[in-house]
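Down below is the structure, laid out as structure tokens.
Order of the sequence lines sets the chain letters (A, B, ...), proteins ahead of strands, with each chain counted from 1.
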2 protein chains.
Amino acid sequence: MGMAQRRLSAEDWTGAALAAIADGGLATVAVEPLAARLGATKGSFYWHFTNRDALVEATMQLWERACTDAIIDLVEAAGDPPRKLSLLFTTVLGHARSSRLETNVLAVAEHPLVGPVVQRVTRRRLDYVEQLFTEAGFEAGEARRRALLAYTAYVGQAQLAARLPDLLPADTGGQGAYLDSVLTVLLSPAGG
Amino acid sequence: MGMAQRRLSAEDWTGAALAAIADGGLATVAVEPLAARLGATKGSFYWHFTNRDALVEATMQLWERACTDAIIDLVEAAGDPPRKLSLLFTTVLGHARSSRLETNVLAVAEHPLVGPVVQRVTRRRLDYVEQLFTEAGFEAGEARRRALLAYTAYVGQAQLAARLPDLLPADTGGQGAYLDSVLTVLLSPAGG
DNA sequence: GTTCTTCCATACGGCACCGTATGGAGCGTG
DNA sequence: CACGCTCCATACGGTGCCGTATGGAAGAAC
């Protein structure tokens, strides 16, 4: 933690806003508190942005870039589809902070500046997971359904991890067993 | 929509607060807007409640009573465990409004007056679903894991239904196929 | 119909945040 | 060292909500 820096950039503000969303949700993205946190005042903010909405918009663009592209690229480096799904789940549920961010972003998807971004991102992720299930050998309709189940399970998991962590497996062993079980179930052969 | 009633009860306020949570989240539970909606003023509110927190507390108690007991009782009337799970999912995901309420309540589980209630309710629901999987023949650990998967899938499904309904199966046929697929997968035999 | 209790409207002060206006510090450029 | 451009602190007015104070209307008791 160094001294407060002398001058701020727009990225400093969007970064702080993203952290605030992870901490307390979009409602805590308020100009004055953020300024205090950055060791500055509103004067700085209103030079970089026309108003709060502009900050929210820029922050959502940052989120879209940082929190979807990166993961897909990482996962694609793995081998077969089952391994990809496993890596996807472990990566995505590993860090508590990302769960909080995901959850708090989705929670305000009704906001006109947030909804379109969340919609794009979610659609893209769903398509990607569907592709993984297709590669794993499921026919189109079933692959879509499995992807939906996997993604809703992810969303719910992130939600519980962020809000009620006590209810999830606490020890590493339990988490591993749970992950194995989830993957086994999600990849179970399609019933006729 | 009848005329504004002459006098209000505490239940009128908690009911309106619950509706406001479903509509716009806990943040929209504000005394003056609620009063306007009820055709009254703050004067009424502060006679029935000491402050906003008291309303939030009473509203959460209402939610706990109304939105968990009822469903479990309903589901228990069904036959075998698979049918119970099926009924549970269809009932619980059927009405868009309940998804919004569920989602918006869980979203503010960090609030000190909300967290304990949500924790109690969620624990109880998880235990109940675990019991269903146990009745369906799964051993204890696996039943717990399936219950967790089923419940996280429910939470994620409610979230998407409330925020991004476009991404879920639109037609009734697609919904039915999806529900069948989910139940088949969740009840697939445990892998060795 | 008076009296008492219940319930509520109005008026007020306070707080947190938004956005604007304005002057001035810091730094590059000649 | 002057000059100009970039960046920011301060001060101000406006809004929406909280909670209090107070007087008064609506209904019950008799």
Side-chain angles (χ1 to χ4, degrees), chain A residues 1-60 62 104-105 107-108 110-114, chain B residues 1-60 62 104-105 107-108 110-114:
Chain A
M1 310 299 178
M3 305 280 295
Q5 47 184 120
R6 212 110 199 69
R7 286 166 110 82
L8 299 175
S9 66
E11 286 70 28
D12 292 324
W13 287 97
T14 52
L18 201 64
I21 292 177
D23 279 349
L26 186 62
T28 66
V29 176
V31 176
E32 283 156 331
L34 234 55
R37 195 181 146 106
L38 287 170
T41 66
K42 302 192 298 185
S44 171
F45 175 81
Y46 283 102
W47 192 89
H48 291 288
F49 299 90
T50 68
N51 55 22
R52 179 182 180 270
D53 277 354
L55 172 65
V56 171
E57 201 168 356
T59 305
M60 289 312 298
L62 170 61
N104 286 344
V105 167
V108 288
E110 282 179 341
H111 190 293
L113 296 175
V114 175
Chain B
M1 306 302 180
M3 304 283 295
Q5 50 183 120
R6 218 117 194 64
R7 286 165 110 83
L8 298 175
S9 67
E11 285 70 29
D12 291 324
W13 287 97
T14 52
L18 201 64
I21 292 177
D23 279 348
L26 185 62
T28 65
V29 176
V31 176
E32 283 156 330
L34 234 55
R37 195 181 144 106
L38 286 171
T41 66
K42 303 192 299 185
S44 170
F45 175 82
Y46 284 103
W47 191 89
H48 292 287
F49 299 90
T50 68
N51 55 23
R52 180 183 181 271
D53 276 355
L55 173 64
V56 172
E57 201 168 355
T59 305
M60 290 311 299
L62 170 61
N104 287 343
V105 166
V108 289
E110 281 177 343
H111 190 293
L113 295 176
V114 175

Atom CG of B:N51 and atom C1' of D:dT20 are separated, to the nearest Å, by 12 Å
Atom pairs under 3.5 Å, N or O on each side, protein against nucleotides 21-29 of chain D: can you list them with distances?
none

A:W47 atom CH2 is separated from C:dG23 atom C1', nearest whole Å, by 17 Å
- Below 4.0 angstrom from OP1 or OP2 of D:dT6, is there any side-chain N or O of A:H48? no
By side-chain hydrogen bond (donor to acceptor under 3.5 Å, both in side chains), A:E57 pairs with (sequence neighbours left out) none
From CG of B:L38 across to C1' of C:dC8 the rounded distance in Å is 13 Å
CG of A:L18 to CD of A:E11, rounded to nearest 0.5 Å, is 12.5 Å
Taken to the nearest whole Å, CG/B:L26 to P/D:dC18 is 11 Å
Run the side-chain donor-acceptor check on residues 27-34 of chain A: report pairs under 3.5 Å with partners two or more places apart or on a different chain.
unit_1, atom_1, unit_2, atom_2, d
A:T28, OG1, A:A20, O, 3.1
A:T28, OG1, A:G25, O, 2.7
A:E32, OE2, A:K42, NZ, 3.1

Polar side-chain atom of A:S44 near backbone of A:T41 as donor-acceptor pair, under 3.5 Å
no
For B:A35, the side-chain contact (heavy atoms from CB on, under 4.5 Å) test, sequence neighbours excluded, returns B:W13
The nucleotide from D:dT10, D:dC7, C:dA9 with an atom nearest the side chain of B:S44 is C:dA9
Atom CG of A:L8 and atom C1' of D:dT6 are separated, to the nearest Å, by 13 Å
Point to revise | Minimum side-chain heavy-atom gap B:H48-B:L55 below 4.5 Å | key: no
In short, A:T59 meets A:I21 closest at the heavy-atom pair CG2-CD1, 4.0 Å
Residue set satisfying side-chain contact (heavy atoms from CB on, under 4.5 Å) with B:A54, at least two apart, ordered chain then number -> B:F49, B:T50, B:N51
Taking only N/O atoms, report every protein-nucleotides 12-17 of chain C pair under 3.5 Å with atom names and distance.
none

Taking every heavy atom of A:D23 against every heavy atom of B:E110, the minimum-distance pair comes out as O-OE1, 4.2 Å
Rounded to whole Å, CZ of A:F45 lies from P of D:dC7 at a distance of 15 Å
Whole-Å distance, B:L34 CG to C:dC8 C1', equals 16 Å
Of the candidates D:dC18, C:dA9, C:dC18, the side chain of B:Y46 sits closest to D:dC18
